[in-house]
2 protein chains.
Amino acid sequence: MQQVLFDYISKYIDLTEDEKNVLVDLDVFRTAKKGEILLREGEKTNNTFFVIKGCIRTYYLIDGEEKTTAFSTELEGVTPHCVIDKSPSRYYVSAVEDSIITVGSSDMEEEMFERFPKFEIMCKKVSEELLAKRHLDLDEFKILSPEQRYLSLLEKRPDLIQRVPQHQLASFLGVTPQSLSRMRARINKKN
Amino acid sequence: MQQVLFDYISKYIDLTEDEKNVLVDLDVFRTAKKGEILLREGEKTNNTFFVIKGCIRTYYLIDGEEKTTAFSTELEGVTPHCVIDKSPSRYYVSAVEDSIITVGSSDMEEEMFERFPKFEIMCKKVSEELLAKRHLDLDEFKILSPEQRYLSLLEKRPDLIQRVPQHQLASFLGVTPQSLSRMRARINKKN
DNA sequence: TCATTTTATTAACTTAAGGTAACGTTTTTA
DNA sequence: TAAAAACGTTACCTTAAGTTAATAAAATGA
């Protein structure tokens, strides 16, 4: 479990044993049961999440309807906007499956950054990578039709389609569950 | 012009005169004529752009059609994905109007970071802010209908609707120019 | 385990977006 | 400045997404 985190970090910086120990002492690992809510709309939090095993999702509650906009699976993180802009959260974050995640706080980060400056540089790299990736994701979403988005997801993250409920996947693709159902029927007919 | 950049930076870190001088010596300012292409699809670049005055856009060329996905105006930057992932650019970047921009390279950044580490911390902050913002933008795009997206843009960036050609705005909103035209007609009729 | 809730699909109808084309207007540029 | 290109709008038709509702299957929980 710790090793999974070390391996991830090692893609960006080299960790000394000393640093690994400090990281372990932070005791950031926790489990989340399926359906457990990690962050609620309206709350302010300093906590960031990182998925070691499992899947968590971001969703909005609009007119009593859940609108899922993001899924985070193994080695993907969620930094709620409220951590950055200090405003009440606009969305919920909850576990899609029983999951193992890390929970970090801004304070914890600050402490790490002071002791080990290279952690801050790692965070910069990760942010920049994610920013570029999210730019491409948004672009793709704008350019593709709903059906093309589904086909693209089928290629890029086939696992998601298996492990996530269809109605959550639908809003993730920007359509209604009925539309997604029809899309799937349409695509099956073609083959 | 330099002052505009200093003011922006001062939102994140305090600059000494010394640092300001180094920044000026980097000679990052340049102008871009309307329509000028700053980055082409397929190219690899280390250059990042930041708009002091004017407007630049990101667009894809798909089946001979330009699909605009982003506009950057005063105090907004563009870090092409190729700077981050070292792959050929998937998109074009060009000036919508005659503009004043800064052009920075990775090398230039590295040098600055070594001399003034706090610049790197600033970049981390900016990335994190943009990342949170882009997450919200993508969420909004998924949740809203095309017409709602247009109305939202009308509220949040009314200037864009004035200064940018309609057909570019259309793909930015994820619809065809004809659809945008109809949407506008529909909305006008209601009022 | 059985009742309740949630989920996925299908259908019928409504609404709006895509595609093609035509038209007048504006902007470019030779 | 005149010809050409690009632009914005409208119209018509097609396609697909939203809405409402019904139903069957699956998951949940008392």
Side-chain angles (χ1 to χ4, degrees), chain A residues 33-37 55 57 59-68 71 92 94-98 140-154 160-190, chain B residues 33-37 55 57 59-68 71 92 94-98 141-154 160-191:
Chain A
K33 280 252 167 267
K34 177 176 178 174
E36 187 177 335
I37 294 180
C55 178
R57 71 182 171 113
Y59 67 92
Y60 294 72
L61 202 54
I62 296 174
D63 302 329
E65 287 244 321
E66 290 184 4
K67 302 282 186 183
T68 298
F71 295 102
Y92 293 77
S94 87
V96 175
E97 324 166 339
D98 291 351
E140 177 173 304
F141 202 92
K142 285 183 179 179
I143 289 172
L144 300 184
S145 68
E147 185 168 326
Q148 289 172 321
R149 294 199 288 263
Y150 175 74
L151 292 171
S152 168
L153 190 70
L154 207 53
L160 258 196
I161 293 168
Q162 303 306 321
R163 73 203 287 194
V164 150
Q166 297 298 308
H167 66 283
Q168 291 175 10
L169 205 58
S171 51
F172 178 70
L173 290 168
V175 297
T176 59
Q178 295 89 327
S179 244
L180 176 55
S181 241
R182 263 177 310 201
M183 275 168 40
R184 289 157 64 92
R186 212 158 54 215
I187 290 164
N188 282 332
K189 206 182 294 179
K190 284 180 190 164
Chain B
K33 280 253 167 267
K34 177 176 179 175
E36 186 177 336
I37 294 180
C55 179
R57 72 182 170 113
Y59 68 92
Y60 294 72
L61 202 55
I62 296 173
D63 300 330
E65 287 244 320
E66 289 183 6
K67 301 282 185 183
T68 299
F71 295 103
Y92 293 77
S94 86
V96 175
E97 322 167 339
D98 290 351
F141 203 91
K142 286 183 179 178
I143 289 172
L144 301 184
S145 67
E147 185 168 327
Q148 288 172 322
R149 294 200 288 264
Y150 175 73
L151 293 170
S152 168
L153 189 71
L154 208 53
L160 259 196
I161 293 168
Q162 303 306 320
R163 73 202 287 194
V164 151
Q166 296 299 306
H167 66 283
Q168 291 175 10
L169 206 58
S171 51
F172 178 70
L173 290 168
V175 296
T176 59
Q178 296 88 326
S179 245
L180 176 56
S181 239
R182 263 175 310 195
M183 274 168 40
R184 289 157 64 93
R186 212 159 52 217
I187 289 163
N188 282 331
K189 206 183 292 178
K190 284 181 189 163
N191 304 335

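Sequence lines set the chain letters: A, B, ... in the order given, protein chains first and strands last, and positions in each chain run from 1.
Rounded to whole Å, atom C1' of C/dA11 lies 11 Å from atom CD of A/Gln178. Computed from coordinates, the B/Ile143 CD1 to D/dA17 C1' distance equals 17 Å when rounded to whole Å. Between the CG atom of A/Leu169 and the P atom of C/dT7 there is a distance of 14 Å, rounded to whole Å. Counting to the nearest Å, the C1' atom of D/dT15 and the CD atom of A/Gln148 are 14 Å from each other. Nucleotide C/dG19 holds its P atom 15 Å from the CG atom of B/Leu180, rounded to whole Å. When the P atom of C/dA17 is taken as reference, atom NZ of A/Lys142 falls 16 Å away, rounded to whole Å. The distance from atom CD of B/Glu147 to atom P of C/dT14 is 20 Å, rounded to the nearest whole Å. D/dT9 atom P lies 9 Å from atom CG of B/Asn188, rounded to whole Å.
Comparing B/Arg182 and B/Lys34 along DNA chain C, the residue whose closest nucleotide (by nearest heavy atom) sits nearer the 5' end is B/Arg182. Remark on DNA chain D: of its neighbouring residues B/Arg184 and A/Pro146, the 5'-side contact belongs to B/Arg184, judged by nearest-heavy-atom nucleotide.
Open room surrounds NZ on B/Lys67; 12 or fewer heavy atoms of other groups in view lie less than 6.0 Å from it.
Phosphate proximity of D/dG8 to B/His167: present, with a side-chain N or O under 4.0 Å from OP1 or OP2. Within the structure, every side-chain polar atom (N or O) of B/Thr176 is placed at least 4.0 Å from both OP1 and OP2 of C/dA17. Taking 4.0 angstrom as the limit, A/Ser179 places a side-chain polar atom (N or O) nearer than this to OP1 or OP2 of D/dG18.
The A/Arg186 side chain lies nearest to D/dA17 when the options are D/dA17, C/dT9, D/dG8.
B/Arg57 has no carboxylate O lying under 4.0 Å from a charged side-chain N of B/Glu97, or vice versa, which leaves the two without a salt bridge. A salt bridge is defined here as a Lys NZ or Arg NE, NH1 or NH2 lying under 4.0 Å from an Asp or Glu carboxylate O, and B/Glu147 with B/Arg184 fails to meet this definition.
Counting heavy atoms from C-beta on, the side chains of B/Cys55 and B/Arg163 come closer than 4.5 Å. Counting only heavy atoms from C-beta outward, the side chains of A/Thr68 and A/Val164 never approach each other to under 4.5 Å.
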